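Computation of the quantities below employed the complete heavy-atom set of this structure, encompassing side-chain atoms and omitting hydrogens, waters and symmetry-equivalent molecules. What you see is a predicted model; the values in this text were computed from it and never measured. Lettering follows sequence order; numbering is per chain, from 1.
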Amino acid sequence: MELSKNYVPNEVEARWYEHWLRKEYFNSTPDEREAYTIVIPPPNVTGVLHMGHCLNNTIQDILIRRARMQGKNACWVPGTDHASIATEAKVVGMLREKGITKSSLTRDEFMAYAWEWKDKYGGIILQQLKKMGCSLDWNRVSFTMDETYYRSVIRVFIDLYNKGWIYRGKRMINWDVKAKTALSDEEVIRKQTKQKLYYLKYLVDDGQPIGSGNIASVENGRAYVTIATVRPETIMGDTAICVHPKDERYKHLHGKRVIVPLINRSIPVITDEYVTMEFGTGALKVTPAHDMNDYQLGQKHNLQVVDIFNEDGTLNEAAEICIGQERFEARKSIIKLLEEGNHIEKTEDYTSEVGYSERTDVVVEPRLSLQWWVSMGKLSEPALKAVMEEHIRFFPPKFRNLYRNWMENIRDWCISRQLTWGHRIPAFYAPDGSFVVAENAEAALEQFTKQGSGVRLDELWQDNDVMDTWFSSWLWPFEVFKGFSDPGNKEIRYYYPTNTLVTAPEIIFFWVARMIMAGFEYMGEKPFHNVYFTGIVRDKQGRKMSKSLGNSPDLLGLIDQYGADAVRFGIMIASPAGNDILFDESSLEQGRNFNNKLWNALKLVKMWEGRKDRESSDVNRESGKITEASRLKPPNFAINWFANRLNQVRSEVNEMMEQFRLSEALKTIYSLIWDDFCSWYLEWVKPGFEQPVDAEVYEKTVAYFEELMELLHPFMPFISEEIYHLLGDHTDDLCVKQTVAPAATNKHLLEAGQLLKEVISALRDARNRNQVKPKDTIKLHIQTKRKKGYAAIENILRKQVNAESVNYTDETIAGSIVVAVEDEKFFIETEQQLDATAIKAELLKDLAHQQGFLDSVIKKLSNERFVQNAKPEVVELERKKQ
RNA sequence: GGGAGCAUAGCUCAGCUGGUUUAGAGCAUCUGCCUUACAAGCAGAGGGUCCGCGGUUCGAACCCGUGUGCUCCCACCA
């Protein structure tokens with residue numbers, strides 16, 4: 001068969017993925033084997049594949065494929081997340097294009113559009129994962145709003161409510177005035193923002209009437225207090241002024257009242273140690289309705305709460321002035337009014353962090369609102385313990401500290417969202433405002449009736465809010481196996497706890513921590529044994545990849561250009577667990593080059609296929625002459641050495657994989673293939689041009705190559721499968737080939753191989769330095785105590801350094817290039833004119849290095865305290881160096 | 001403000017229990033090669049104040065202290 005010059009991935013990839021699917025290799029059902037389970041972190045239905053997914057899913061596929069080849073029942077569950085905010089935004093956008101506003105639709109109508117959108121676009125990302133070679137069990141695709149899943153989410157809500165852990169409370173929340181929704185703390189992005197700090201004068205209320213109209217001026221002679229604020233538009237919500245109790249400047253104000261400018265409301269001066277005396281003027285305006293801290297202060301001091309904003313961020317009647325204006329408009333108007341009234345003492349530029357909505361990028365408004373909350377105290381206890389006691393292991397372990405810190409300071413979780421797409425809160429209200437929590441209206445009515453309420457079914461209405469998306473995805477590891485909806489079923493018993501969760505550290509609190517909590521609460525067992533945290537994929541300059549920066553490469557384009565294996569290689573080669581990856585296309589090039597290297601090695605071996613010769617020996621391969629050395633069949637050394645080297649690396653790779661050192665494992669395999677196999681082994685056994693190849697050499701080489709492909713397969717599944725089949729007529733597939741444990745290795749043989757490599761490199765270096773042309777042959781003289789050992793490798797050595805002859809000598813050969821490796825000496829005799837001074841300089845440099853090394857050893861050994869204190873084996877080691 | 005982490009070659013990273021470490025790898029660079037598998041290649045080479053300072057130790061890239069710089073998380077002062 002004619003093989004193309006270079007490896008062409010696209011056709012190969014499509015063909016093999018199709019084949020694997022047809023053979024149903026990725027499908028799993030419970031059986032007697034050990035299960036190895038991974039649930040995919042469900043991407044948003046709105047998502048398209050990006051570099052983060054690429055990294056994350058490549059890692060999962062490596063783990064799953066490896067487990068599959070180790071005889072485990074590998075099950076990787078795919079699925080998507082309904083992503084309420086993101087999806088609703090998409091659907092609203094789509095409707096807008098059609099000229100439909102969301103408010104003109106009923107809930108059911110909107111949901112119909114949303115489902116239509118989901119069915120049309122929601123599966124794109126899963127299709128893209130196939131291009132990457134991901135071996136997901138496609139019979140198990142789950143969605144967080146599947147019928148039973150949906151019902152489970154509702155029932156979990158009801159259960160937690162009945163346990164008293166879900167409550168409805170008026171709390172200060174982050175409000176997105178554009179999306180008109182509550183945001184979780186995690187959805188608020190804090191950004192340094194330039195602002196102005198206004199110093200406002202509040203008159204002390206001395207019982208004197210304020211000037212006419214409703215704008216009071218600060219008149220000469222009247223006492224006032226100055227406060228600093230960046231939000232003058234909220235002064236109408238002020239219900240107190242607060243100073244530090246120990247602040248001497250304001251002691252005279254204790255117990256007094258002051259007057260809010262413009263609206264002339266009289267408010268008390270309170271004292272609290274919360275106030276920082278050094279900041280601003282040391283006097284703080286307290287606006288409980290519009291600031292998190294002020295709210296807490298207000299509660300502590302029993303202050304009135306005056307909410308001056310509507311839900312869209314415009315001012316309401318309670319503001320008394322500027323009613324209907326948008327908050328930033330109102331700020332301008334108020335400043336103007338304050339200036340007119342001489343209430344502004346001064347303004348300063350000021351930079352501080354302001355919260356912005358992750359979704360709409362508008363400034364978040366702290367707002368009092370009735371929301372649904374989960375009290376986290378009880379839930380977090382076992383979840384914290386499991387990680388601290390390493391029942392769940394984190395890779396890298398440094399994230400345990402982060403986790404503990406958060407879990408120990410955990411706050412209640414606001415789970416209601418003012419959206420339509422999602423799991424609707426199962427609370428039903430009667431016209432009098434009372435409510436019950438129930439699975440449906442009929443069940444709700446039953447409860448009302450039991451309570452003695454005479455409410456009718458048609459009078460009940462259900463809460464319009466939906467739940468935070470994470471309130472569904474925290475059930476993911478067990479509900480994909482129906483562990484909650486069908487407790488104790490065969491699948492959940494077999495697959496749960498899952499083995500490894502692979503995810504980004506960014507969502508350790510959003511998702512990982514909550515899954516652990518839900519797992520313990522509903523399955524009585526942790527959801528996974530290990531958590532592998534990937535890094536964040538950044539661009540070359542270290543910036544996070546984002547749509548707005550436009551630095552996010554088109555992944556499918558990259559797969560087209562380089563091939564999926566090369567992309568997998570490129571993303572994995574330099575990404576230890578937990579380390580951010582500075583993504584650079586050059587690593588994909590490296591992957592593509594590696595593909596080619598494999599391809600060319602295949603071409604070489606295939607060339608031998610028709611030329612194997614059972615009768616041949618090294619004799620006719622070299623020159624036809626029978627010599628003493630050639631009867632020793634030098635390739636035996638190469639064959640035996642590589643068998644050992646292969647086993648050695650396989651053990652190393654096993655160890656690395658156990659420790660989740662994936663990129664190191666890949667590097668090790670890369671080097672085994674490129675250096676040991678291609679650069680050394682193949683060169684050592686390669687017959688001369690158009691010479692036949694020894695049948696044993698051929699067969700062993702093919703076997704080694706197949707083993708290498710087996711080792712590589714989890715990382716680069718397509719090319720390894722392709723080469724495996726091109727190497728031989730296999731009826732099985734590498735994808736499901738069962739790996740046997742690596743054999744023990746022969747230490748001496750490995751050391752001999754290492755020495756041979758070093759000798760060859762040293763001799764080549766000497767040739768290079770002395771400008772001996774590659775084509776020019778040399779005469780090699782070896783001064784060694786181990787002549788016997790050289791017999792086995794002499795032919796390899798001769799070929800590798802282009803020597804026309806190899807002799808053994810006890811004496812120095814005059815006029816030759818001297819090379820020393822360990823305690824062996826080599827003399828290169830050549831026609832080449834030698835530069836004696838250069839050679840001497842080289843030798844002296846080397847001697848100095850050796851001497852320095854020796855000196856350090858002698859120094860150590862002559863140090864009595866070293867000999868006394870160091871471990872005997874260490875001393876022994878140093879003695880040997882001498 | 002509280003917490004965590006990082007700093008090793010131009011770049012990305014190894015270096016696990018302090019001792020074969022006068023510190024390694026890949027990429028990049030340089031030199032020489034179109035050598036019948038591969039120039040997307042081959043053969044070699046150069047490249048380091050292990051962030052600074054102090055300490056512990058017979059011995060420190062590694063342990064301790066401290067300083068500097070960077071990253072992330074949490075909480076935030078109006």
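The interatomic distance linking A/D584 (CG) with B/C27 (C1') rounds to 9 Å, in whole Å. Atom OH in A/Y403 sits roughly 24 Å away from atom P in B/C72 (whole-Å rounding). Rounded to a whole Å, the CG atom of A/N802 is 13 Å from the P atom of B/G44. The separation between A/I573 atom CD1 and B/G26 atom P is 11 Å, rounded to whole Å. Remark: P of B/C42 and CD of A/Q800 are 13 Å apart, rounded to the nearest angstrom. A/Y202 has its OH atom 10 Å from the C1' atom of B/A78, to the nearest Å. What separates CD1 of A/I410 from C1' of B/C73 is a distance of 15 Å, to the nearest Å. Look at CZ on A/F399: it is 13 Å from P on B/C74, rounded to the nearest Å.
Under the 3.5 Å distance criterion, the side-chain polar atoms of A/D291 are left unmatched by any main-chain donor or acceptor of A/T287. The backbone N or O of A/R249 lies less than 3.5 Å from a partner atom in the side chain of A/D247, making a donor-acceptor pair.
When the P atom is used for both B/A9 and B/A14, the distance is 13 Å, rounded to whole Å. Spacing of C1' atoms, B/C50 relative to B/C13, comes out at 14 Å, to the nearest Å. For the C1' atoms, the distance from B/A61 to B/G52 is 15 Å, rounded to whole Å. B/G24 and B/G15 have their C1' atoms separated by 7 Å, given to the nearest Å.
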- Task: Tell me, with the steps shown, if A/R231 and A/R331 meet side-chain contact (heavy atoms from CB on, under 4.5 Å).
- Result: CA-CA 7 Å; A/R231 300 202 61 191; A/R331 180 176 299 176; 3.8 Å; yes

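Remark: A/R400 is not in phosphate contact with B/G5, judged by side-chain N or O atoms under 4.0 Å from OP1 or OP2. For B/C27, the OP1/OP2 oxygens have a side-chain nitrogen or oxygen of A/Y670 closer than 4.0 Å.
When heavy atoms are screened at a 4.0 angstrom cut-off, A/S586 is found touching no nucleic acid atom at all. Counting non-hydrogen atoms under 4.0 angstrom, A/S761 reaches the backbone sugars and phosphates but no base.
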Interface polar pairs with nucleotides 35-41 of chain B, N/O, under 3.5 angstrom:
{"from": "B/A37", "atom 1": "OP1", "to": "A/K686", "atom 2": "NZ", "distance (Å)": "3.4"}
{"from": "B/A37", "atom 1": "O2'", "to": "A/N600", "atom 2": "OD1", "distance (Å)": "2.8"}
{"from": "B/A37", "atom 1": "N6", "to": "A/C678", "atom 2": "O", "distance (Å)": "3.3"}
{"from": "B/A37", "atom 1": "N6", "to": "A/E683", "atom 2": "OE2", "distance (Å)": "3.0"}
{"from": "B/A37", "atom 1": "N3", "to": "A/N600", "atom 2": "O", "distance (Å)": "3.0"}
{"from": "B/A37", "atom 1": "N3", "to": "A/A601", "atom 2": "N", "distance (Å)": "3.3"}
{"from": "B/C38", "atom 1": "O4'", "to": "A/N600", "atom 2": "OD1", "distance (Å)": "3.0"}
{"from": "B/C38", "atom 1": "O4'", "to": "A/N600", "atom 2": "ND2", "distance (Å)": "3.4"}
{"from": "B/C38", "atom 1": "O2'", "to": "A/N600", "atom 2": "ND2", "distance (Å)": "3.3"}
{"from": "B/C38", "atom 1": "O2", "to": "A/K597", "atom 2": "NZ", "distance (Å)": "2.8"}
{"from": "B/C38", "atom 1": "N3", "to": "A/K597", "atom 2": "NZ", "distance (Å)": "2.9"}
{"from": "B/A40", "atom 1": "N3", "to": "A/R592", "atom 2": "NE", "distance (Å)": "3.0"}
{"from": "B/A40", "atom 1": "N3", "to": "A/N593", "atom 2": "OD1", "distance (Å)": "3.4"}
{"from": "B/A40", "atom 1": "N3", "to": "A/N596", "atom 2": "ND2", "distance (Å)": "2.8"}
{"from": "B/G41", "atom 1": "O3'", "to": "A/K597", "atom 2": "NZ", "distance (Å)": "3.3"}

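Ranking B/G15, B/C73, B/A78 by closeness to the A/V230 side chain, first place goes to B/A78. Comparing B/A14, B/A43, B/C27 by their nearest atom to the side chain of A/R764 picks out B/A43. Checking B/A14, B/A78, B/A75 against the side-chain heavy atoms of A/R411 singles out B/A75 as nearest. The nucleotide whose nearest atom lies closest to any side-chain atom of A/N401 is, among B/G44, B/A4, B/G46, B/A4. Listed nucleotides: B/A43, B/G26, B/C73. Nearest to the side chain of A/L402: B/C73. In the set B/G26, B/A14, B/G46, the nucleotide with an atom closest to the side chain of A/R769 is B/G46.
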- Dot-bracket for RNA chain B, 5' to 3', with Watson-Crick and G-U pairs under 3.5 Å, [ ] for crossing pairs and | for other-strand pairs: what is it? (((((((..((((.....[....)))).(((((.......))))).....(((((..]....))))))))))))....

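With sequence neighbours excluded, the residues that form a salt bridge (Lys or Arg N to Asp or Glu O under 4.0 Å) with A/D676 are A/R645, A/K757. A/D560 meets the salt bridge (Lys or Arg N to Asp or Glu O under 4.0 Å) test with no other residue; sequence neighbours excluded. Every side-chain contact (heavy atoms from CB on, under 4.5 Å) that A/N401 has, sequence neighbours left out, goes to A/R404. Take A/K773 and apply the salt bridge (Lys or Arg N to Asp or Glu O under 4.0 Å) test, not counting sequence neighbours, and it matches no residue.
Ring centroid separation for the pair A/Y704 and A/Y681 comes in under the 6.0 Å cut-off. With ring centers used as reference points, A/F677 lies under 6.0 Å from A/F642.
Using a 4.0 Å cut-off between charged nitrogen and carboxylate oxygen, A/K606 and A/E609 count as a salt-bridge pair.
Looking at which nucleotide of RNA chain B each of A/R661 and A/L582 is closest to, the 5′-most match is held by A/L582. Toward the 5′ end of RNA chain B lies the nearest nucleotide of A/D580, the other residue of the pair A/D580 and A/A762 mapping further downstream.
Considering all non-hydrogen atoms of both residues, A/Y7 and A/V12 come closest at OH-CG1, 3.5 Å.
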